There are 2 protein chains.
Amino acid sequence: MATIKDVAKLANVSVGSVSKYINGHKVKDTTAELIQNAIDALNYEPNIYAQGLKTNRTFSVVLIIPTVWDPFYSELTYYIEKYLEEYDTKLIICNTKNDLDKELKFITMARQNKVDGIIAITYSNVDEHVPDELPVISIDRSFSKHSTFITSDNYKGGEIAAQKLQDAGSSELFYFGQGSKIENETINRLKGFQDYCEQYSLNYKVYYQKGRRHSTADYLSEFADDLQEMDQSIGVFTDTDTHAWMLIDELSNRGLKVPEDIQIIGFDGSKSSQQTPTFLSSIRQNVNAIAKESVQQLMLQIEEDHFVPKKIIIPVEFIQGKTTFPSNV
Amino acid sequence: MATIKDVAKLANVSVGSVSKYINGHKVKDTTAELIQNAIDALNYEPNIYAQGLKTNRTFSVVLIIPTVWDPFYSELTYYIEKYLEEYDTKLIICNTKNDLDKELKFITMARQNKVDGIIAITYSNVDEHVPDELPVISIDRSFSKHSTFITSDNYKGGEIAAQKLQDAGSSELFYFGQGSKIENETINRLKGFQDYCEQYSLNYKVYYQKGRRHSTADYLSEFADDLQEMDQSIGVFTDTDTHAWMLIDELSNRGLKVPEDIQIIGFDGSKSSQQTPTFLSSIRQNVNAIAKESVQQLMLQIEEDHFVPKKIIIPVEFIQGKTTFPSNV
DNA sequence: TTGTAGGCGTTATCAT
DNA sequence: ATGATAACGCCTACAA
């Protein structure tokens, strides 16, 4: 591997000049040409580690998520990498499965100068371990630190879901969801749903377990038991698409039809892949916008000296799939 | 940020000793203690860039895939990151959307010492740009270089698909798929399917377009037109799950029912997330095994001096979903 | 405009 | 077992 010295020697100039040329400073045209020729001849590439050692910029960012193996997170990852590329910055991914240890490991890595910043979706108490100097964007949950915080309009999403179920003719509304021990933004999906139901005096019931007293499957099965006994027109809003899919599967095993017997609206509205057709009616998060905003804000934070953290809320929208009837209003 | 010098000073030892201690070499117990105390006191973390500069090991690997926003690739990414962690190695991801330029950019990055190796799924001609010294694992497609090559048993998968459709009672079999310009392993899915049909004298027809003369949607619609006119018992094998989903959507828009009117088997069998229930009957690739093998082989290649490239084939299996009837044999 | 030299934080060699 | 010191490849004053 050729070094800057080799280039300098071949071009008959000093390393200083080569360095300047590489970094876009002014050099005489003729020397520039000399240098470029040498670079081409030697197939020279600057060693990023030596650069990083001097400059403390690594042009890489770590994304901390529960798991990339999930439509929402994989879409987010896709877009974040895409926008990061505009800054010539690489994306390192960290699947934590909500494992605090692993999160800390990556934060340590960041402290070792390995990355310029962090974008995190984490539902454990990682806040206190993040050093103040390190640029952080947190999605869906506010760090106690003064970091910028980006989230979808979960509350509004809950309202819309209730409204859409109502419009589609459901007379009995249900919320099904699960919360982690650490408070996070998704609880607002429930709040919006509840408030809307209260406001319009709708019949509704909430199945919400915080933590994991029962396994999701058990809790879901219990929920399905109750649904099965009802004969009104049922509409269910689940806190995530994944739970919606699980519910659909459970109901189908019991011979119940969606949307004929039960209408379902999920939350996320992300698709397994860019081309996957929409099946599930859902409240769609604007993943693209979240990713774009995250990257922009992170870059601001990295580049600006004095950065004022913000809270940014991204709108959501309802998408009509095949698990609810079209609105009849 | 404390450096190794600060630690040495505080512990009253030389930097050499600190370095040894950090790297697990032998030091006297008492000095070890001294050093550890200093490290704790200063909250010291080695600077990875300085380390990389010396050792030329970066403990990072880049994964080149078309897009992480896809069930198969996101599952693969998940497992690769998981196994890489056992080697304390980070994963950088590169979504190429099959863009040669972007692939090259990441390979350049690798040449800059930024990564220790590459795992790639790429359907463009990237081979010749990979320098010989760089460890590479290629999945699904053999590089011309002498790199290790890992793939599922696509041929067998094609055979199984035909057989399962036959067993499930289909009398007219179809293959639907799309190939990229560059030859790759997935063509064996078709071959296995064809050979099986020939061997057992089954009625079958192939819809396969190489390159992209028509858009996938158009080609699919054309295919659905033809299916719609038939009245025999139809079974379709698609080259990917994604195409299967698109077909199901297309058929549903035409009022055709799966599996009652048409049975469908996809290929990949990967799920959107770990908990997503299985709906599609499919030939499942053992993504976990592919990931594990890729990482192990890559690490061998990185660590061993003389490495002999291998071709590794991972078995596939049929999974029964709800888009085919249970076998009646 | 260009060249020189010191230093970034580590590791590794060589004495001690 | 430990300490001193020369690299690793690059950037950046400072000097010329």
Side-chain angles (χ1 to χ4, degrees), chain A residues 1-39 42-60 88 108-116 133, chain B residues 1-39 42-60 88 108-116 131 133 303:
Chain A
M1 198 79 239
T3 75
I4 199 171
K5 279 185 191 164
D6 301 325
V7 175
K9 198 179 299 173
L10 184 60
N12 248 315
V13 298
S14 74
V15 293
S17 299
V18 179
S19 175
K20 289 199 188 79
Y21 173 73
I22 290 171
N23 293 300
H25 299 178
K26 271 234 94 34
V27 293
K28 220 199 306 180
D29 282 1
T30 59
T31 51
E33 206 180 315
L34 250 33
I35 294 174
Q36 187 56 55
N37 288 342
I39 288 178
L42 296 171
N43 208 351
Y44 167 76
E45 292 288 348
N47 178 319
I48 304 254
Y49 277 74
Q51 278 181 172
L53 187 55
K54 285 298 287 186
T55 59
N56 264 328
R57 260 311 274 282
T58 67
F59 294 94
S60 61
D88 271 312
T108 297
M109 185 183 88
R111 297 187 39 237
Q112 292 174 143
N113 271 343
K114 243 198 128 54
V115 299
D116 297 339
E133 331 81 69
Chain B
M1 200 76 239
T3 76
I4 199 171
K5 279 184 191 164
D6 300 324
V7 175
K9 197 179 299 172
L10 183 59
N12 248 312
V13 298
S14 75
V15 292
S17 300
V18 179
S19 176
K20 287 200 189 79
Y21 173 73
I22 291 171
N23 293 299
H25 300 178
K26 270 236 94 30
V27 292
K28 219 197 308 180
D29 281 2
T30 59
T31 49
E33 206 182 314
L34 249 34
I35 294 174
Q36 187 55 57
N37 288 341
I39 288 178
L42 295 171
N43 209 350
Y44 166 75
E45 294 286 350
N47 179 318
I48 303 254
Y49 276 75
Q51 282 182 170
L53 184 56
K54 280 301 286 187
T55 61
N56 263 329
R57 260 310 273 284
T58 66
F59 294 93
S60 61
D88 271 313
T108 297
M109 184 181 88
R111 295 187 40 236
Q112 292 174 140
N113 271 343
K114 244 200 127 57
V115 299
D116 297 338
E133 333 80 72
E303 282 160 11

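Please read these numbers as outputs of a predicted model, since none were measured by experiment. Below, chains carry the letters A, B, ... as their sequence lines are ordered, and counting in each starts from 1.
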Just the rounded figure in Å: distance from [atom2] of [N] to [atom1] of [X].
X	N	atom1	atom2	result
A:Tyr49	D:dC11	OH	P	16 Å
A:Arg57	D:dC10	CZ	P	19 Å
B:Lys5	D:dA6	NZ	P	13 Å
A:Asp6	D:dG9	CG	P	9 Å
B:Leu53	D:dC11	CG	C1'	12 Å
B:Ile4	D:dG3	CD1	P	12 Å

Can you tell me if A:Tyr44 touches the phosphate of D:dC10, counting only side-chain N or O atoms and a distance under 4.0 Å to OP1 or OP2?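 True: A:Tyr44 side-chain N/O within range (under 4.0 Å) of D:dC10 OP1/OP2.
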Does A:Thr3 make a side-chain N or O approach to OP1 or OP2 of D:dG9 shorter than 4.0 Å?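 Answer no for this pair, as no side-chain N or O of A:Thr3 is under 4.0 Å from OP1 or OP2.
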Can you name the residues that form a side chain to side chain donor-acceptor pair (under 3.5 Å) with A:Ser60, not counting sequence neighbours? A:Thr58
Under the side chain to side chain donor-acceptor pair (under 3.5 Å) rule, collect the residues that match up with A:Asn12, sequence neighbours excluded. none
Can you tell if the side chain of B:Asn56 reaches within under 4.5 Å of the side chain of A:Tyr49, non-hydrogen atoms only?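 Sidechains of A:Tyr49 and B:Asn56: no contact.
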N/O-N/O pairs, protein side and nucleotides 12-16 of chain D side, under 3.5 Å:
none

Could you grab the distance from atom CG of B:Leu53 to atom CD of A:Gln51, nearest 0.5 Å is fine?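 One finds 11.0 Å between CG of B:Leu53 and CD of A:Gln51.
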Atom CG of B:Leu42 and atom CD1 of B:Ile4: how far apart are they, to the nearest 0.5 Å?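 That separation rounds to 12.0 Å.
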Sequence neighbours left out, what passes salt bridge (Lys or Arg N to Asp or Glu O under 4.0 Å) with A:Asp29? Give chain and number order.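 Applying salt bridge (Lys or Arg N to Asp or Glu O under 4.0 Å) to A:Asp29 gives none.
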Let me test you: for the helix from C:dT1-D:dA16 to C:dT16-D:dA1, what is the angle between the axes at its two ends (five pairs each), rounded to 10 degrees? 40°
Could you pull out all donor-acceptor pairs under 3.5 Å where a side-chain atom in residues 16-25 of chain A meets a protein atom, sequence neighbours excluded?
residue : atom : partner : partner atom : Å
A:Ser17 : OG   : A:Ser14 : OG           : 3.3
A:Ser19 : OG   : A:Asn23 : ND2          : 3.4
A:Tyr21 : OH   : A:Gln36 : OE1          : 2.6
A:Asn23 : ND2  : A:Ser19 : O            : 2.8

Name all residues meeting the side-chain contact (heavy atoms from CB on, under 4.5 Å) criterion together with [X]; count only those two or more places apart in sequence or in a different chain, and write none if there are none.
X	value
A:Lys9	none
B:Ala38	B:Val7, B:Leu10, B:Ala11
B:Lys54	none
B:Glu45	A:Thr108, A:Arg111, A:Gln112, B:Met1

Between which nucleotides of DNA chain C, read 5' to 3', does contact with chain A run, using atoms under 4.0 Å from its heavy atoms? C:dT1 to C:dG9
Any donor-acceptor N/O pair, B:Asp6 side chain to B:Thr3 backbone, under 3.5 Å: yes
Which of residues 26-39 of chain B sit near DNA chain D, with a heavy atom under 4.0 Å from it? B:Val27, B:Lys28, B:Thr31
